[in-house]
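The structure appears right after this line, and notes come after that.
Numbering starts at 1 and runs along the sequence shown. Quick note: numbers below take in every heavy atom, side chains included, and nothing from hydrogens, waters or symmetry partners. Note that the coordinates shown come from a computational prediction; the quantities given were computed from them, not determined experimentally.
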Amino acid sequence: MADNADTPELVHLDVAAGVATITLDSPHNRNALSAQLRRELIAHLDTAIADDGVRVIVLTHTGTVFCAGMDLKESRGAGAEQQGVTEVPRILTTVWDSPTPVVARLAGPARAGGVGIVAACDIAVAAESATFAFSEVRIGVVPAVISVTVLPRLGARAAHELFLTGETFDAHRAARTGLINSAVPADALDDEVARFTGMLRRGAPGALAGAKEMLRRERTSSMTEDFAAMNSLSASFFASAEGQEGIRAFGEKRTPSWVPPQD
């Protein structure tokens, strides 16, 4: 899905056994968010989300860096559109609101906008050698757009420190702060991703989407109102076709019909 026939594609999509793998493949600029990469990433995310056969999306990369953030060479002197003012929020919103769970797989560092994408994912797994940084203040800008997805993941004290200092931190600290789920040795990275995707593949697609929506829900100031809303939500899923199929499958000791077969 390159911009034209003569331009190599920078983002690839592959679907197998209910898992859509989206790969950033622009190692020459450390998978920076160039205009072409942004457009292709949005297109592949939309395609994967619209595919009824996809149960989980894995966002990964080639090269040594997951994503270096915005393409600064391209952004120098560029107007708002060229700087991704609309496209970066679209990427983050698409990942955050995706009814299909999204797993980030990091074999290398993430910076700035790349960290925003990681934060938008439901689950993120990184090699221990991966590093992270909110480097914006060191080039005279602020991590404004990505703060929308990052701040819900970080505690206030860690956010103040890391946003203001621009300090590089390792994958283990990223896990402790809640930015990622786990940091593992590089040779265990694929197994850890497979562990998560294997579990997510077993979830009913409607229930996964419903659980994500529930997790994003703003709580009210009244516990009574919250319980009423959650009772209604719970009842609707118990009565749904998926809920009834899941209950039958449990009783019959079989795999529910929505679980895609392994290739």
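Around atom CD of Q244, more than 12 heavy atoms belonging to other residues, nucleotides or ligands sit under 6.0 Å away.
Within the model, atoms CG of L45 and CD1 of I22 stand 4.0 Å from one another, a figure rounded to the nearest 0.5 Å. Summarising the geometry, atom CG belonging to L162 is positioned 11.0 Å from atom NE2 belonging to H160; distances are rounded to the nearest 0.5 Å. Rounded to the nearest 0.5 angstrom, S221 OG and D226 CG are separated by 8.5 Å. The structure places CG of L106 at 8.5 Å from SG of C121, a figure rounded to the nearest 0.5 Å. Interatomic distance, L24 CG to I117 CD1, rounded to the nearest 0.5 Å: 6.5 Å. Remark: L208 CG to R202 CZ distance equals 12.0 Å, nearest 0.5 Å.
For R138, there are no salt bridge (charged side-chain N to carboxylate O under 4.0 Å, His left out) partners at least two apart in sequence or on another chain. N29 pairs by the side-chain hydrogen bond (donor to acceptor under 3.5 Å, both in side chains) definition with S26, D71, not counting sequence neighbours. Legend: residues meeting side-chain hydrogen bond (donor to acceptor under 3.5 Å, both in side chains) with T23, ordered by chain and number and at least two apart, are absent. Applying the side-chain hydrogen bond (donor to acceptor under 3.5 Å, both in side chains) criterion to D170, with sequence neighbours excluded, gives no partner residue. Judged as a side-chain hydrogen bond (donor to acceptor under 3.5 Å, both in side chains), and not counting sequence neighbours, the contacts of E192 are S182, R195.
Taking the side chain as every heavy atom from C-beta outward, I180 and V125 never approach each other to under 4.5 Å. Put simply, the side chain of F134 reaches to within 4.5 Å of the side chain of L154, judged on heavy atoms. Side-chain contact between R201 and P260 is present, with heavy atoms from C-beta onward closer than 4.5 Å. With a 4.5 Å cut-off on side-chain heavy atoms, L164 and V137 do not count as touching. C67 has its side chain within reach of L33: a pair of non-hydrogen atoms, C-beta onward, lies under 4.5 Å apart. The closest side-chain heavy-atom distance from T60 to V193 is not below 4.5 Å. R217 is listed as a side-chain neighbour of M230, based on a closest heavy-atom distance under 4.5 Å. Within the 4.5 Å cutoff, the side chain of V148 has no heavy atoms near those of the L92 side chain.
Sequence neighbours left out, the pairs with a member in residues 155-165 that pass salt bridge (Lys or Arg N to Asp or Glu O under 4.0 Å) are E161-R173. For residues 240-251, the pairs satisfying salt bridge (Lys or Arg N to Asp or Glu O under 4.0 Å) are E245-R248, E245-R254, with sequence neighbours left out. Pairs of residues two or more places apart, or lying in two chains, that qualify as salt bridge (Lys or Arg N to Asp or Glu O under 4.0 Å) and include a residue from residues 99-111 are R105-D190. Residue pairs meeting the ring-ring contact (aromatic ring centres under 6.0 Å, His included) criterion with at least one partner in residues 168-198, sequence neighbours excluded, are F132-F169. Within the structure, salt bridge (Lys or Arg N to Asp or Glu O under 4.0 Å) pairs that include any residue of residues 44-69 comprise D46-R90 (at least two apart or interchain).
I42 and V118 fall within a single hydrophobic cluster, where Ile, Leu, Val, Met, Phe, Trp and Tyr side chains are chained together by heavy-atom contacts under 4.5 Å. V103 and I49 end up in different hydrophobic clusters when Ile, Leu, Val, Met, Phe, Trp and Tyr side chains are linked at under 4.5 Å. Tracing side-chain contacts under 4.5 Å through hydrophobic residues (I, L, V, M, F, W, Y), one reaches L179 starting from F163; they form part of the same cluster. No single ILVMFWY cluster, assembled from side-chain heavy atoms under 4.5 Å apart, contains both V102 and M214. Under the 4.5 Å side-chain heavy-atom criterion for grouping Ile, Leu, Val, Met, Phe, Trp and Tyr, V145 is connected to L41 within one hydrophobic cluster.
Residues V65 and P109 come closest through the heavy atom pair CG1-O, 3.4 Å. Residues E136 and V142 approach most closely at CB-C, 3.7 Å, considering heavy atoms. Of all the heavy atoms in A20 and V54, the pair that sits closest is CB-CG1, 3.7 Å. Between F66 and A110, the shortest heavy-atom distance links the atoms CD2-CB, 4.1 Å. What you find for G246 and W258 is that their closest heavy atoms are CA-CH2, 3.7 Å. In terms of heavy atoms, I146 sits closest to A112 at CD1-O, 3.3 Å.
One N or O on the side chain of T149 and one on the backbone of G116 form a donor-acceptor pair closer than 3.5 Å. Remark: the backbone N or O of A119 is paired with a side-chain donor or acceptor of R153 at under 3.5 angstrom. At least one donor-acceptor pair closer than 3.5 Å links the side chain of S240 to the backbone N or O of F237.
At a threshold of 4.0 Å, the pair D97-R216 does not count as salt-bridged, since none of the basic side-chain nitrogens sits closer than that to a carboxylate oxygen.
F238 belongs to a hydrophobic cluster with I247, counting contacts under 4.5 Å between side-chain heavy atoms of Ile, Leu, Val, Met, Phe, Trp and Tyr, direct or through other members.
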I123 vs L200, side-chain contact (heavy atoms from CB on, under 4.5 Å): CA-CA, chis, key distance, verdict: CA-CA 10 Å; I123 292 171; L200 291 167; 4.1 Å; yes
Please set out all donor-acceptor pairs under 3.5 angstrom arising from side-chain atoms of residues 10-17, sequence neighbours excluded.
| unit_1 | atom_1 | unit_2 | atom_2 | d |
| --- | --- | --- | --- | --- |
| H12 | ND1 | E9 | OE1 | 2.6 |
| H12 | NE2 | D25 | OD2 | 2.7 |

